[in-house]
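Take a look at the structure below.
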Amino acid sequence: MGQIMKAYLGIFFLLVTGMVGIGVVTAGIQSANARNYHADVISEIECSNFNDAVVASCKQQAQEAGYQLVVKTMDVNVQEHAKVAEVILHYEYAIPVLNLVTDHQVRGFAK
């Protein structure tokens, strides 16, 4: 009888460990996707030469994808029309099994 209890308890802990592991891997994948999306947004803003319509489109697409995008454009050199934009992407880092949801952000600059 004791062996049956130990076997079921072992299977239970194995399943819990597996579910937590899957949650951590899923959160890592979501984080990697957010970093890749951030790099794509920076590239798109740079290629459009900081066009306001492109920035607005990127913000809308980010919202549709479940992210929050903040773009702060700054003039570095007025005479040469040089601009820099700080691009901040907020995303949720979630491990549902542990009921853990935190707000993370990726920061970068478009030059």
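Here the structure is a predicted model, which is why all the values come from computation and not from measurement.
Neither Val54 nor Leu69 shares a network with the other; the hydrophobic side chains, linked directly or stepwise wherever heavy atoms of I, L, V, M, F, W or Y lie under 4.5 Å apart, form separate groups for each. Using a 4.5 Å cut-off between side-chain heavy atoms of Ile, Leu, Val, Met, Phe, Trp and Tyr, with links allowed through other members, Val84 and Val106 fall into different hydrophobic clusters. Both Val16 and Leu9 are assigned to one and the same hydrophobic cluster, defined by single-linkage of ILVMFWY side chains at heavy-atom distances under 4.5 Å. In the hydrophobic clustering of this structure, Val101 does not group with Val97; members are Ile, Leu, Val, Met, Phe, Trp, Tyr whose side-chain heavy atoms approach within less than 4.5 Å, directly or through other members. In the hydrophobic clustering of this structure, Val24 groups with Leu100; members are Ile, Leu, Val, Met, Phe, Trp, Tyr whose side-chain heavy atoms approach within less than 4.5 Å, directly or through other members.
In plain terms, the two heavy atoms of Glu46 and Lys111 that are nearest each other are OE2-N, 3.0 Å. Shortest non-hydrogen contact noted between Ala27 and Ala94 is CB-O, 3.4 Å. The minimum heavy-atom distance linking Val71 with Ala85 is given by the pair CG1-CB, 4.1 Å. Closest non-hydrogen pair, Leu89 versus Ala34, comes out as CD2-O, 3.3 Å. Considering all non-hydrogen atoms of both residues, Asp103 and His90 come closest at OD2-ND1, 3.4 Å. When every heavy atom of Ile45 is checked against every heavy atom of Ser48, the shortest pair comes out as O-OG, 3.0 Å.
More than 12 heavy atoms of other shown residues, nucleotides or ligands fall within 6.0 angstrom of atom CD in Glu86. Shown here is Gln30, whose CD atom has more than 12 heavy atoms of other residues, nucleotides or ligands within 6.0 Å. The neighbour count for Met74 CE, taken as heavy atoms of other residues, nucleotides or ligands under 6.0 Å away, is above 12.
Put simply, CD on Gln60 and SG on Cys58 are 10.5 Å apart, with the number rounded to the nearest 0.5 Å. Once rounded to the nearest 0.5 Å, the distance linking CD1 of Ile42 with SG of Cys47 reads 12.0 Å. In this structure, Arg107 CZ and Ile88 CD1 are separated by 4.0 Å, a value rounded to the nearest 0.5 Å.
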- Task: Show your reasoning for whether side chain to side chain contact (heavy atoms under 4.5 Å, CB included) applies to Val55 and Asn51.
- Result: CA-CA 6 Å; Val55 171; Asn51 188 335; over 6 Å; no
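For Glu44, the salt bridge (Lys or Arg N to Asp or Glu O under 4.0 Å) criterion is met by no residue, not counting sequence neighbours.
Within the 3.5 Å criterion, the main-chain N or O of Ile22 finds a donor-acceptor partner in the side chain of Thr26.
Pairs passing the ring-ring contact (aromatic ring centres under 6.0 Å, His included) check and including a residue from residues 27-51, sequence neighbours excluded, read Tyr37-Tyr67.
In this model, a donor atom of one side chain and an acceptor atom of the other lie less than 3.5 Å apart for Tyr91 and Ser31.
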